Amino acid sequence: MHRFSLALILFGIGSPLWAQQAFTVDEAVTLALRNNPQIVANARDIDAARSGARSAKALTNPTMLFAPGITSVSGSDEEFLFQQPLEVNGTRRARTEVAQATLQNTQAQAALTQRDIVFQAKTAYFGLVRARELSTIARSLLTNAEESDRVARRQVELGTRPGIDLAQTGIEVARAKRQVTLADSEAQAAL
């Protein structure tokens, strides 16, 4: 499953968990598993494989047919044929074992898919948390840079500091604003 579709499933619009803005990784995993269509498809595949395993244990159905009569002179008679196939040399057992192996393979694929979805959900969740934390840190650094710029501006006005320091603090404020913009865009992308 692609990360984009996982993000859409995990953080769907109108989701009650997303409306709270704060939820745990377990809630994110539960939401991803509940809304993923692959989980439903895997459950149906397992049911189909289980039915196939049950039907493989049964005897082969008899066949009945009407055929033109070979023994009649006019050829207008019909013969009724009833056949029950005889399975020898463990044919039914082999068919049953193949069906059981198919069932086990389907169950293993379902478990693998579920683990992959859990991994992707946790990865997406922690990526989002990391991006939000970086955005918070970038905003804090911007606040500090703006405060340093304000202090430097006041000291330049009082004449206790050279004007070049004001240019340097202005550059730091611009750099901090750029970092906030980048961090916010990364958080939005993670979302």
Side-chain angles (χ1 to χ4, degrees), residues 1-50 102-191:
M1 172 176 266
H2 293 67
R3 285 184 186 247
F4 179 72
S5 60
L6 178 66
L8 288 178
I9 291 170
L10 185 60
F11 303 109
I13 296 175
S15 168
L17 289 175
W18 181 244
Q20 297 172 3
Q21 295 290 328
F23 56 97
T24 66
V25 68
D26 292 333
E27 291 170 332
V29 168
T30 301
L31 182 64
L33 289 173
R34 184 177 49 225
N35 293 333
N36 194 305
Q38 188 63 39
I39 299 293
V40 175
N42 285 342
R44 290 182 180 155
D45 287 344
I46 289 172
D47 287 342
R50 196 171 283 132
T102 302
L103 173 61
Q104 290 174 352
N105 183 37
T106 304
Q107 290 170 333
Q109 289 294 331
L112 181 65
T113 301
Q114 183 175 5
R115 288 183 182 127
D116 188 43
I117 291 168
V118 168
F119 171 75
Q120 289 178 0
K122 286 182 178 183
T123 301
Y125 177 83
F126 290 122
L128 177 62
V129 169
R130 179 186 162 274
R132 284 184 174 172
E133 288 295 322
L134 289 175
S135 179
T136 302
I137 291 169
R139 289 185 188 287
S140 174
L141 291 174
L142 175 62
T143 303
N144 291 343
E146 288 173 340
E147 180 64 23
S148 295
D149 186 55
R150 187 189 64 76
V151 168
R153 186 174 309 280
R154 182 69 182 143
Q155 288 176 346
V156 168
E157 288 173 359
L158 294 175
T160 60
R161 205 166 176 182
I164 191 73
D165 288 348
L166 188 59
Q168 289 174 342
T169 58
I171 291 171
E172 289 303 318
V173 168
R175 186 176 294 148
K177 285 181 182 179
R178 179 179 169 273
Q179 288 297 327
V180 167
T181 303
L182 286 174
D184 286 346
S185 65
E186 286 179 10
Q188 189 63 32
L191 176 61

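Counting from 1, the numbers follow the sequence of the chain as shown. These figures come from a predicted structure and were not determined experimentally.
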Stepwise, does the side chain to side chain contact (heavy atoms under 4.5 Å, CB included) test hold for Val118 with Lys122?
CA-CA 6 Å; Val118 168; Lys122 286 182 178 183; 3.9 Å; yes

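Once rounded to the nearest 0.5 Å, the distance linking CG of Asn144 with CG of Asp149 reads 12.5 Å. To the nearest 0.5 angstrom, Arg34 atom CZ is 9.5 Å from Glu27 atom CD. Atom CG of Asp45 sits about 11.0 Å away from atom CG of Leu103, to the nearest 0.5 Å. Between Gln179 atom CD and Leu141 atom CG the span is 8.5 Å, to the nearest 0.5 Å.
Leu142 and Val173 get closest at one heavy-atom pair: CD1-O, 3.9 Å. Considering every non-hydrogen atom in both Thr169 and Leu166, the closest pair reads OG1-O, 2.9 Å. Gly127 and Ala190 make their closest contact through O-CB, 4.0 Å (heavy atoms, listed as atom of the first residue, atom of the second, distance). The two residues Gln114 and Leu33 have their closest heavy-atom pair at CG-CD2, 3.8 Å. Considering all non-hydrogen atoms of both residues, Ala49 and Thr106 come closest at CB-OG1, 3.9 Å. The shortest heavy-atom contact between Asn42 and Gln109 is ND2-O, 4.5 Å.
Residues Ser140 and Thr143 have side chains not in contact (no heavy-atom distance under 4.5 Å, counting atoms from C-beta outward). By the 4.5 Å heavy-atom criterion applied to side chains, Gln155 and Val151 are counted as neighbours.
Between the Thr30 side chain and the Asp26 main chain, a donor and an acceptor come within less than 3.5 Å of each other. No donor-acceptor pair under 3.5 Å is formed between the side chain of Ser135 and the backbone N or O of Ala131.
Using a cut-off of 4.0 Å between Lys/Arg side-chain N and Asp/Glu carboxylate O, Asp47 and Arg44 are scored as not salt-bridged. Between Arg130 and Glu133 there is no salt bridge, since none of the side-chain N atoms of the basic residue sits less than 4.0 Å from a carboxylate O of the acidic one.
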